[in-house]
Colleague: 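Below you'll find the structure I mean.
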Amino acid sequence: MIGVVRGLACALTLTSLAGVLMACSSTPKPSSVSTPPAAASPERVARVYLRAALTGNCKLTAELTLPETTWNWCNGPKLLDYRSVRSPVHVPAAEAGRNEECVQFEMYTHGSSDGTMPTGWQPWSLCFVKTHAGWRLFDQGQG
């Protein structure tokens with residue numbers, strides 16, 4: 001009887017260990033975040049953009065950025081976390097040269113290789129303009 005119990009305990013231990021090893025060795029699934037619909041609010045687009053940047057979905061961050069106006073988050077600097085995403089603030093064309101909706105948040109990054117962006121938490125904003133495809137990132141910067 002002791003042999004049967006030991007055998008069962010050993011089998012359960014090996015099964016558990018195999019499950020742990022499979023979970024630890026599996027490759028992470030790509031971000032399931034997709035392009036928001038054209039009717040999505042600037043805040044929703046900002047949240048999708050930030051999630052894509054955090055998970056390294058460079059294709060999506062590029063898709064949500066107007067490339068002729070600013071850079072899209074990808075790997076440098078690496079966005080490590082974000083918090084406190086706020087409601088958009090309207091910036092009129094008289095002030096910005098075009099109507100923008102700016103979404104402020106706090107980001108945590110390892111900093112930029114050229115030293116212009118420090119490591120750690122800092123305020124940041126993403127400013128969007130309305131296009132036929134929806135809100136797209138036009139400008140970004142501190143505070």
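Nothing here was measured: the structure is a model prediction, and the numbers come from that model.
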Colleague: According to side chain to side chain donor-acceptor pair (under 3.5 Å), who are the partners of N72, at least two apart in sequence or on a separate chain?
Modeller: T61
Colleague: Which pair of non-hydrogen atoms, one from P42 and one from V103, has the smallest distance, and what is that distance?
Modeller: O-CG2, 4.0 Å
Colleague: Taking disulfide bond (SG atoms under 2.5 Å apart) as the cut-off, I'd like each qualifying pair that reaches into residues 59-101, sequence neighbours left out, listed once.
Modeller: C58-C74
Colleague: Does L126 share a hydrophobic cluster with V129, counting links as ILVMFWY side-chain heavy atoms below 4.5 Å and allowing steps through other members?
Modeller: no
Colleague: Mind checking what makes side chain to side chain contact (heavy atoms under 4.5 Å, CB included) contact with T35, not counting sequence neighbours?
Modeller: L60, E63, L64, R136
Colleague: Looking at residues at least two apart in the chain, or sitting in another chain, which of them share a side chain to side chain donor-acceptor pair (under 3.5 Å) with R86?
Modeller: none
Colleague: Testing the basics here: between A93 and N99, what is the closest heavy-atom pair and its distance to 0.1 Å?
Modeller: N-OD1, 3.0 Å
Colleague: Is Q122 close to M107 at the side-chain level, that is, under 4.5 Å between some pair of heavy atoms?
Modeller: yes
Colleague: Are L137 and V89 connected in a single hydrophobic cluster, I mean Ile/Leu/Val/Met/Phe/Trp/Tyr linked by side-chain heavy atoms less than 4.5 Å apart?
Modeller: no
Colleague: First locate atom OG1 of T109, then atom OH of Y82, and finally report the distance between them rounded to the nearest 0.5 Å.
Modeller: 14.5 Å
Colleague: Got a donor-acceptor contact below 3.5 angstrom from the T131 side chain to the A133 backbone?
Modeller: yes
Colleague: By side chain to side chain donor-acceptor pair (under 3.5 Å), which residues pair with T70, not counting sequence neighbours?
Modeller: Q140
Colleague: Please find the pair of heavy atoms, one from A53 and one from W73, that lie closest to each other, and give the distance.
Modeller: CB-CB, 3.4 Å
Colleague: Is it possible for you to say whether L79 and W124 belong to one hydrophobic cluster, with membership spreading through side-chain heavy-atom contacts below 4.5 Å?
Modeller: yes
Colleague: Please round to the nearest 0.5 Å and tell me the distance separating atom NZ of K130 and atom CD of E101.
Modeller: 10.0 Å
Colleague: Can you list the residues that meet the side chain to side chain contact (heavy atoms under 4.5 Å, CB included) rule with R47, with sequence neighbours excluded?
Modeller: E43, V85
Colleague: Listing request: all disulfide bond (SG atoms under 2.5 Å apart) pairs with a residue in residues 105-141, at least two apart in sequence or in separate chains.
Modeller: C102-C127
Colleague: Please determine whether residues L54 and M117 belong to a single hydrophobic cluster, defined as Ile, Leu, Val, Met, Phe, Trp and Tyr linked transitively by side-chain heavy-atom distances below 4.5 Å.
Modeller: yes
Colleague: When clusters are formed by joining ILVMFWY residues with side-chain heavy atoms under 4.5 Å apart, either directly or through shared neighbours, do V48 and L66 land in the same one?
Modeller: no
Colleague: Not counting sequence neighbours, which residues clear side chain to side chain donor-acceptor pair (under 3.5 Å) with H110? List them please.
Modeller: none
Colleague: side-chain contact (heavy atoms from CB on, under 4.5 Å), that's the test. Do F138 and T65 meet it? Break it down for me.
Modeller: CA-CA 7 Å; F138 184 85; T65 301; over 6 Å; no
Colleague: Apply side chain to side chain contact (heavy atoms under 4.5 Å, CB included) to A96 and list each qualifying residue two or more places apart in sequence or on a separate chain.
Modeller: V91, R98, E100
Colleague: Under the rule for side chain to side chain contact (heavy atoms under 4.5 Å, CB included), what residues qualify as partners of T116, not counting sequence neighbours?
Modeller: S112, D114
Colleague: Please write out which residues are connected to L80 in a hydrophobic cluster, directly or through intermediates, given that two of Ile, Leu, Val, Met, Phe, Trp, Tyr count as joined at side-chain heavy-atom separations below 4.5 angstrom.
Modeller: Y108, W121
